[in-house]
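Below is one structure, written out as C-alpha cells, with a few remarks after it.
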Amino acid sequence: MAQPMPAGPTAPPSPTPVPTPATESVSAPNWFSGQATLSILGRNDIESSKFQEYRVIPKGVSLPGFSFQGRSNGRDYALIAQNISQRDQRYLGWANVSWLGVSFDYNQIPHSIGNDGHSIMNEVAPGVWRMSSTLRQTLGNAVDTQLPTSTRTYAFYAALFAPTIAAANLIDLDGLRQRGSVEFDLGRKLPFDLKVSYMRELKTGTRGTGGGLITSAVNSFIEVPEPLNDLIQDLGFRATLNRDWGNLHAGFNHNWYNDRLKTLIVDNPLRASDQAWTNTAGAVPPLGGPAQARFVNPPDNSANTGSLGAQFKFAKQTRLAADVVLGRWTQNAQFYPFTINTTVLTPSGVRADSLAALQTQSLNGRIDSTTLNLSLTSRPIEGLGVRVRYRSYDRANKTPTFVRTGNVGTNPDRSFTTVTPTADAPLGWETANPYSNKTGTFNASVSYDIQAVTLEGAYRYTSIDRTYREATKGTESGATIAAVLRASDWLHFRGSFDDAKRKASGYDPAKSLGLQSDESERDSTRLSLEAEVNPTDKVGFVLAYARKNDDYPNRPNRIVGVANTQNGLLNAKYDTFTAEIDLTPTERADFSVYYTHEKNLSKTRYGSGAVINILDFVGSDRTDTFGANTTIHIVPEKWTFKLNAHHQKLDGLLDITGDPAGSFALARAAFGGIQDIGDYSDTELTTATVNLDYTASPALAIGVGYMYEKYKYADAYSAGTDVFPAIGGFYLKANDGPYKANVVFAKLTYRF
Amino acid sequence: TQAVPPPRVVVEKVQAPVVVGAADNERFDATDCKACHEAVVTKMEHTKHGSVEQSCATCHDRAKAIAHSKGQADGLGTLMPSLKTAKAKDINPTCLGCHEKDRQASWVGGMHDRKQVACTNCHSMHSFKSVKAQLKMVNDTETCVTCHKAERAQLLRTSHHPVREGKMGCSTCHDPHDGSRPKMLQAESVNELCYKCHTEKRGPFLYEHAPVREDCTSCHAPHGSNHERMLIAKPPFLCQRCHYSGHGITGDLSNTVAGAPTAPPPVGGVNQTTRSSREQERSCKQCHIAIHGSNHPSGNFFVR
C-alpha cells in the first residue's frame, strides 16, 4: 500500500486520472469529464518560513484544483490546474490532433528561505544595500580610536553595534521559480518521430543568504539577501526513426542563461568612504579599507548539446546500441574590475577599480564534453543474460589561459596582491588552472536463471584522468554479485553485494597537502537485502537492509613520515533498515505502517604539527522514521476516512576526541575539557492529516479534514547566536526554525 | 498528497455475457470484453491503449482470453488471463513489443530490468491513478518510494528538493526506463543534470573549484539532508574532508561550546571568550561565497 509523502492539506487534489495523449484514433470513443474543487481553510499564524518553504497554505477560500479532459472525433485534450492563482500554482495540459500534438507545463515553485531576517542595511536598488554614511563614519571612528586594539573586545563591539542592531530592518528571504515548457509533437504524420521543445524559467527574489567578507581595518562579513533575477531558456528537438530492426535517433538543445542582476553591492558598516590601507608594522594599528564591497553574480552562459545514436535489435533479445553526445559550454561575460575601492592601485599605478587594470576583459571560457556509450545485451540461451557496456565521459576545459599577475583577492577590496606562478599553479593560483577530467568505464555482467532464482555476477573497471589535480590518474575496479528470488506470489527477495577499490596515482606522496577526498584511494562495499512476503491477499511484509561503507586508506600524513597523522576524511558509512506491514482485512479498509532506521557516520581527522594534537571528528546521524496510512470506506462509495502520518527524528552528534595532553584539550581544561557537540543539525518532523469525505452524488463530493504538523531544529552552530555573535559579523538570522501548525479545511468537489 | 477520487465511470449492468468469436483469426476487440469488464475497459478506452486494434488480446493471451470468454458464457468459470501473477520476464516483452522505442529503447539490460522489475510494478492499464504515464500511484515519487525506501526517508529531511510538495518528482532527474546512463540520470553526468535547474553554476568560470566541477554529489545529497543546502556533512567538516591546511583549519576552531576559548578572526591578537565565527552559521561559506566558481578577477579564493 502507498505511503503518500506529506505535502499539506491543500496539496492539489489529483484530478480524475486521465490518459496519456493518444496517437491513434482507431475506434476510440468520444468522452469528456472534469472536476473543480473549492477549499476553505483555516490555520494558526506561523512565523517560521519553514512551514511554507515550497508550498502555500492559504487561509480562507482557495481553488486547489480544476481540470477537464476528453476526446472528440479523435482529438484529445486536457487541462489540469492546481492551486489556482497561488504562488505555487501549476497548469499543465495537452491537445492532440491527427498530425500534431502539443503539451505544456507551467509550474511555479516558491522557496521561502527565512522570515524576518535582521539587516542593518536597506536595499536602495536591486542588489545595492546601503546604510547611513553618518552612522558608518561614527562606527568607524569609534573602532579606530579604541586603543589599544586589545580593548576591542566582543563586549566593546556588542555595545557599539547594539543600537544599530536594534534598529535593523526585517527582511524575508524568498525566491520564486516560474518554469514553463511546451513540446510539439510533429511526427504524427511523418515516417519518424519529431519533437520540438522550448523551456523558459524565470527566477526572482532571493537565492538565500548572500554577502560576504569585507576586509578593512576590522574584517567583517555582512549577510544580506542574495539577489536573484535569472532567466533560463532551452530550445531543442529530438528525432527518432523507429523500425523493426531498431532505431536511429538524434537530438540537439541550445540552452542559455541570462543573469539580469549582475552584482551585489554592500556598504562597509565601518567605513563611510574609501581609505587607503595602512598597516605599518609595530606602529599604529591598521587603518583604512573600502567603503563598499562588490560581489559579482554568476555570469551569463550558454550550452549546446547534440546527440546521435542507434540501436539494433536481433533475435534472442540481443541489442546493440551506440550513442555519442557532444556538448559545449561557453561563457564570455564582461569582467568587473578587481575592486570597487577607489584607493587601490596596481603595481604599475593604475587604479584597480578600473577595467583598464584588468589583464583581459572577459574569459572566453569554453568546456567541451564528449560522451560515448556502447552496449551489447543478449539472452543467447534460455535463462542466460549477458551484458557488456563501455561508457566514457570527457570534460575538457578549452578556456584560453593567461598567467595572472595579481589581484585584490587575497585581501579583497583592501590592497593589491601580486602573485608568482609555481609548478602547481602555473597561472598564478591553483584555482586558475583549467581543470579537465575524463572517465572511461567498462562493465560486464552475466546472469542465469535457476528456476525461480536469478543469479548475477558483474565486474566493472573505470579509468580516471584529470588535469591540474593532485592525483592526475586513478582507477576503480569493482565486482557485484546479486540474486533475485521470486519463489511465488508470496515471496520476493533481492540481494546484492558490491566491493570496489579506487586507486590514485600521478601525485607526489611527499607533499603534505596530499589528495582531496574525492580523488583519494577508497575501498567501498555495498550490501542490499530486501524481502517481500505476502502470505495471504490480506497481509504483506517487507524487510529491507542496505549498507554503504567507504574507507579512505593511505590518506596523507600531516606529519611527514609519522603514521596515524592522516588528515581529512577517513571513513563514511551509511546503514538503513526498513520494515513495512500492509494489511487489508476487508475490501473496505486497508492499513500500512513502516519504520526506517538510518545511521550516517563520517570520520574526519586532522591536526597540526604534533602527534599529540591529532583530533578526530566523528559526525553521526541516527534517524528514525515512522509512517502510517489508512483508508476506511465507512459506507462504500459514500463515506471514506483517510489518515496519513509521518514522523521523523534525526539525532545528530559530533564526537570530538583528542589527546588530553594536547593543546586542544588543555585550552579547554577549565571548561570541562573536550566536549562533544550534541545538537548537530538535529531535526524532528511530525505530520498527520485526516480526511473524511462524503460522496453525495456522482457529481458532488464534500470533505473535511485536519492537519497537524510540528517541526523542530536544534544546532549548536546557530543556537544562541544573535545578529552579530562575533566581531564584525552581521548575520541575517532569518527565521526558518521550529513551528507547530494546526490546519482545518473543508472542500467541495464538483465533477462534470 | 490528497487521495485520488474514484474514477467516474458510469457502469451499466451487464445483462448477459457476450460470447466472442472462437476462431483465432476472428477479430477481437475491446467491446468483446466490455460486456463483463465495463469499468476497466471503459477506463482503458480513454487511454492510448484504447485506440489499439485487437486491444485486450494484444496484451492478454488471446487464446486464454477467448477460452475465458467462452467459459464464462458456458458457466465454466474459466479464469481471466490476468497479468497480475506473471513474472517480469513474461510481462515486459509484451509491453516492449510496442514500447521498445524512444525512452524505453534502452530498458533491456538496465538496472530495473536486471532487478526483474515488471512494467506492471509501476504502471497499470486499468486502474492507474496518475495524471501522466498511467502509474499505479498518484505520481512518480509515490511509485518509486514503494521500492526505494531509504530515499523515502531522505525526502523527509529538513533540507530537501520540493519533491514531497509535488513540485518535482523522481523523474525530474531520473529516467526509470533508461539503462544507458549511471543512476538512470536524465543527463550525461551528475553536473549536467544539476545545471538544468542550477544553470548559473555551469560557468565556465575564471576561477574553478575542481571537485565542484567534477561531481556535485561530492558535497550535496540531492535526496535530502539534515544539513543546510542539502550538504552531505556540516561545514566546516565537509570542507575539511579535503582542506586540512590553511587558515581556519586548526582544531582550535572546532569547539562551539559557549564560553570555551576559541580563536575568532584576529583582532589585535586577542582571543575572545565566545564561539568562533568560523564555525557559526554558514561557516566557511560565510566568506568563501563563490564556492561553485568565481568569475570575479579577484575571486581566486572564491570570496568574490
Pairs of heavy atoms under 4.5 Å with chain B: top-ranked of A:Asn247, A:Thr240, A:Val325: A:Val325

Heavy-atom pair count under 4.5 Å with chain B, highest-scoring of A:Tyr468, A:Tyr711, A:Tyr713: A:Tyr711

Any A:Tyr680 side-chain heavy atom under 4.5 Å of B:Lys234 side chain: yes

B:Glu192 side chain to A:Tyr393 side chain, donor-acceptor N/O pair below 3.5 angstrom: yes

Contact leader toward chain B among A:Asp193, A:Thr377, A:Thr683, A:Asn433, where contacts are heavy-atom pairs under 4.5 Å: A:Thr377

Heavy-atom contact with chain A under 4.5 Å, split by part of B:His160: both

Main-chain N/O of B:Ala105 paired to A:Gln311 side chain as donor or acceptor, under 3.5 Å: yes

Close side-chain approach of B:Glu200 and A:Tyr257, heavy atoms under 4.5 Å: yes

Under 3.5 Å donor-acceptor, B:Arg282 side chain and A:Thr209 backbone: yes

Side chain, backbone, both or neither of B:Lys87 within contact of chain A (heavy atoms, under 4.5 Å): both

Part of B:Arg157 lying under 4.5 Å from any heavy atom of chain A: both

Given A:Asn407, A:Thr410, A:Thr431, the one that forms side chain to side chain donor-acceptor pair (under 3.5 Å) with B:Asn300: A:Asn407

Pair B:Glu188-A:Ser369, side-chain donor/acceptor within less than 3.5 Å: no

Choice from A:Thr399, A:Asn255, A:Thr625 maximising heavy atom contacts with chain B below 4.5 Å: A:Asn255

Atom of A:Leu650, atom of B:Asn226 and distance for their closest heavy-atom approach: CD2-ND2, 3.1 Å

Proximal component of B:Ile289, with respect to chain A [non-hydrogen, under 4.5 Å]: side chain

Heavy-atom pair with the smallest gap, counting every atom of A:Ile232 and B:Cys197: CD1-O, 3.7 Å

Side chain to side chain, A:Ser602 and B:Arg241, heavy atoms closer than 4.5 Å: yes

A:Pro29 to B:Glu45 - nearest heavy-atom pair and separation: CG-OE1, 3.8 Å

Parallel, tilted or perpendicular: ring planes of B:His46 versus A:Trp31, cut at 30 and 60 degrees: parallel

Which portion of B:Glu100 sits near chain A, non-hydrogen atoms under 4.5 angstrom: both

Worked check of side-chain contact (heavy atoms from CB on, under 4.5 Å) between A:Asp518 and B:Asp215: CA-CA 9 Å; A:Asp518 69 317; B:Asp215 190 345; over 6 Å; no

A:Tyr435 vs B:Glu214 side-chain heavy atoms within contact, under 4.5 Å: yes

Smallest separation among heavy atoms of A:Glu598 and B:Ala153, with atom names: OE1-CB, 3.3 Å

Heavy-atom pair of closest approach, residues A:Gly409 and B:Val303: O-CG2, 3.8 Å

Contact winner vs chain A - B:Lys89, B:His161, B:Lys196, B:Lys101, heavy-atom pairs under 4.5 Å: B:Lys101

Chain B contact via A:Thr576 - side chain, backbone, both or neither, heavy atoms under 4.5 Å: side chain

Shortest non-hydrogen contact from B:Lys149 toward A:Ala544: CD-CB, 4.3 Å

Heavy-atom contact with chain A under 4.5 Å, split by part of B:Tyr195: side chain

Any A:Pro298 side-chain heavy atom under 4.5 Å of B:His292 side chain: no

Check: A:Asp88 main-chain N/O paired with B:Lys167 side-chain donor or acceptor under 3.5 Å: yes

Close side-chain approach of B:Leu206 and A:Arg404, heavy atoms under 4.5 Å: yes

Among the listed options A:Ser445, A:Gly210, A:Pro412, the residue most often paired with chain B at heavy-atom distances under 4.5 Å: A:Pro412

Donor + acceptor pair across side chains of B:Thr158, A:Lys50 (<3.5 Å): yes

B:Arg304 NZ/CZ over A:Tyr336 ring centroid, <6.0 Å and within 45° of normal: no

Closest-packed option against chain B by number of heavy-atom pairs under 4.5 Å, given A:Gln331, A:Glu456, A:His111: A:Gln331

Side-chain donor-acceptor contact under 3.5 Å, A:Thr371 with B:Arg181: no

Derivation and outcome, side-chain hydrogen bond (donor to acceptor under 3.5 Å, both in side chains), residues B:Arg152 and A:Thr578: CA-CA 10 Å; B:Arg152 175 176 61 189; A:Thr578 294; 5.0 Å; no

Most contacts with chain A, counted as non-hydrogen pairs under 4.5 angstrom, among B:Ser225, B:Cys147, B:Pro204, B:Gly203: B:Pro204

Pair A:Asn397-B:Arg213, side-chain donor/acceptor within less than 3.5 Å: no

Any side-chain heavy-atom pair of B:Ser106 and A:Arg319 under 4.5 Å: no

Region of B:His209 in contact with chain A, defined by heavy-atom distances below 4.5 Å: neither

Full working for side-chain contact (heavy atoms from CB on, under 4.5 Å) between B:Gln286 and A:Tyr731: CA-CA 9 Å; B:Gln286 207 79 54; A:Tyr731 297 125; 3.4 Å; yes

